[in-house]
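Notes to accompany the following structure.
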Amino acid sequence: MNIKRSLALSVMVVAGLSMTACFSDDSTLGVDKIGTIEVVTGMEDTTYVATAFIGDVLEIKPEVVTSLDESELSYEWTLLSDKTGTLDENGDTIQPQVIGNSKYLAYTVETPAGQYQIRYAITVKDSGYSLITATDLSVVTEFSQGFYILKETTDGNTDMDMYSASGNLSQNIISNTTGAALSGKPYSITPNYGQFYINPDNDQMDATNTMVVITENKQMGVYRTTDMLQIFDQNSILFDGAAEGVQPYLLNRTGWYSQYFTSEGMRYGMTASMGSPTSGKYGFVSDVVHGSKFFICDYINSLGGFFIWDEINKDILWSNYNMYFEPIVNSEYGEEYSKGLTDWECLSIGYSAMDYVANFILNNTKTGARRLYLASGGMMASSLNALVELDPASHMAKATAYSTNFYQAKYIYCVDGGKLYACNLNSDTYAEIDVNLSGVGSGEEITYVSNQFFQSPWGEYSVNAFDYLVVGTQKGSEYHIYMYEMVGGIPSGDPVIKFSGEGKVAGVRYINQGYSENDLGMMISANMYTVVD
Amino acid sequence: MRRVINTMILGGVLLAATACEKDLELYSSEDCWLNFSYSENKGSLEPSESSYSFVYAGSDVTIDTVWVEITTMGFVYDTPRAISVEQVQVDIVKPELPAMPQDSTGAPVEEIVVVDTINAIPGKHYVPFDDASIAKYFQIPAGAVSQKVPVVLKRDASLDTCVAILKFRIKENEFFKVGYEDYSTRQITFTDMLAKPSQWEYGYMIYNYGEYGPVKHQFLIDQTGEPWDDEYIVALHDGDSAYLEYLMAKMQNQLNALNAERVAQGLDVLKEADGTEVYIGMVY
């Protein structure tokens, strides 16, 4: 006999013998009642968005194809969150919430803002056989997603407006929710994704998205973006309260750490990337780096390095992902060009994802001269790429507002004399071009510019992605905001979003509740907004 | 090649044979065993050991009870079954005394307090396990598989200056044999002085506050007003990790401030009785 043949035969005999060994199938499952069920449309590859607590009804009408009669089927829609399956404060397992038992879903959305999964189970009544499909649901509130506008009120204090995803403008949110605007002129506004705090709804330590507003009068308000509840101020965020005279600068997070910079120095804690939620409070100053609102992530690695201006020590610093700080120098320009710059103030910080280069614009408070620093970071070290003494006649040397294009062009936008210009960093002479804007009302003076976007350098979150040039103008006591789509960094056509409100605009920041604080790639992206512009 | 084929066939037949189910024999052993349950003491690195101090109990407390769970192995019975427990004497090694710190004249600078460690004496330091007053607890109730038995500690005056060790074990009787060796003994260390909490060795305390010492313990109590006993340590650990970090830094700062104050007064920095400097901080 052929050897190969006998080998194959032997294997088959053994396999057959194994399969017949002592096994009899006496199951009575209704095999004749399984039929075929298929959900053709309406579920997978779809993300639904609904607004909570305003009577918004979520309707899903999946197309179901089956050989069975509809009377033979039952349906169940369930809602699951990231808490489903965990224990509540009583030690009970949190169960999925049943939100429907019909073929089609019509659910009045009354659940906290957040990310959910909807599961649709079709069950053959006789056999119990089920087909389960799922889709994503993003529940928002009017505050949880959209653009926040930091503004100076007509009496010189700080308040915030909000332009929601549904196109509504809510004005004077701070004074309307807390009774008064924050005292002092606006200093900064920052989205803080995954801020730890003790949720007053259940007294549990939790994470939430917040907007952080700081004034020049040493006031800070940290607001939960689902409902604008103020969860911290400059005192309650510290276990020992704030010492008198301390100026808050920045409450932010990078990859592993959350940082709180003040004129006392830096405090830090962990983020959700590193562990379970805490109270979100901070203890003692852990580093003499004081920081400022001039902060931007170093996107060349996704771990959380950053560039920062130290307002007290007058230093230009880079930090790696583990908060190892160093001055930005090169062989030509030593530490004297980046540390102890007592005669200088920082006007702007920015970053281009095209070449992963950060920029600082400094102003000499005695001479009025301005410098542009271009610097690169990385995993373990930074370097100063160029130090440019700006031509005093240039718009860059006289500008009152700056912003850097992140994705599309190596431009630093600047506002000079009420007009918008772009400085081309690809040009050896740092040539400037006029940026023409369509749709700006007559008599309005451009006072503000910012590149706001929601898209990751690594491609996540492509849904609802945008990349806008945001321009703010002033006319009398009213500000106007215009948001333009861009082609190659230049505004294209009429603004896609425009609105106006009372006061002077001091900052515009976008927040998207669909972002998960544990998503490392998006986390960097979501925190990429420079705080200064 | 034939040999290979034959081997494969033989292997296959054996494999097939193992696929056959065989009825398991019904459990029929009449023997039953007892073990201590360490689950209530799971935070400790040595779950069989725990500690207690009357210091935390209040000045009017003269006796206190530590409840110890015992579980059964074997059949459940519909009648109560007695539990027997007996004390085990521990070999106690006296530590060598450290050198007495002296000033330039040779006079002792600080008194060294030597704490005796002894085996607990039944009737004096604890209520004997066979005492009639607690006999009703020393039985597995009908239909039950576990029972919590009391270890009744007595606040004898000798505990003001010594630490008592009560080590005890399951004792075989007509109903039960001794269970697993690792689960057959328990030890309670108790005193009327500050005692090392059982939880000190658990996780963050030993890691962030270093080795235990009574002077360190008293310092922490003085600074916070908290007892730093097992209950407090567990609550800290299960609570806010940001607060844990803050509290350690705060205790470090306050220890530094106290030491600076002592040095300014001509005193030594804070030390344990054996001369070890009190240290609070990360231990690597």
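A, B, ... follow the sequence lines: proteins, then strands. Residue 1 opens every chain.
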Inset, instruction - Measure the OH-CG distance between B/Tyr246 and A/Leu238 for me, rounded to the nearest 0.5 Å. - result: 9.5 Å
Legend entry - Heavy-atom donor-acceptor pair, B/Asp240 side chain to A/Ser279 backbone, under 3.5 Å: yes
Crowded around [X] [atom1]? As in, over 12 foreign heavy atoms under 6.0 Å?
X	atom1	result
B/Glu226	CD	yes
A/Tyr257	OH	yes
B/Phe75	CZ	yes
B/Glu272	CD	yes

Legend entry - Qualifying residues under ring-ring contact (aromatic ring centres under 6.0 Å, His included), relative to B/Tyr212, sequence neighbours excluded: B/Trp200, B/His217
Inset, instruction - Could I get the full list of ring-ring contact (aromatic ring centres under 6.0 Å, His included) partners for A/Tyr260, not counting sequence neighbours? - result: A/Tyr282
Inset, instruction - Return the minimal non-hydrogen interatomic distance between B/Ala242 and A/Lys281, and the atom names on each side. - result: CB-O, 3.7 Å
Legend entry - Any residue of residues 247-254 of chain B which, by heavy atoms, sits under 4.5 Å from chain A: B/Ala249, B/Lys250, B/Asn253
Inset, instruction - Can you sort out the partners of A/Arg224 under salt bridge (charged side-chain N to carboxylate O under 4.0 Å, His left out), two or more places apart, ordered by chain and number? - result: A/Asp201, A/Asp227
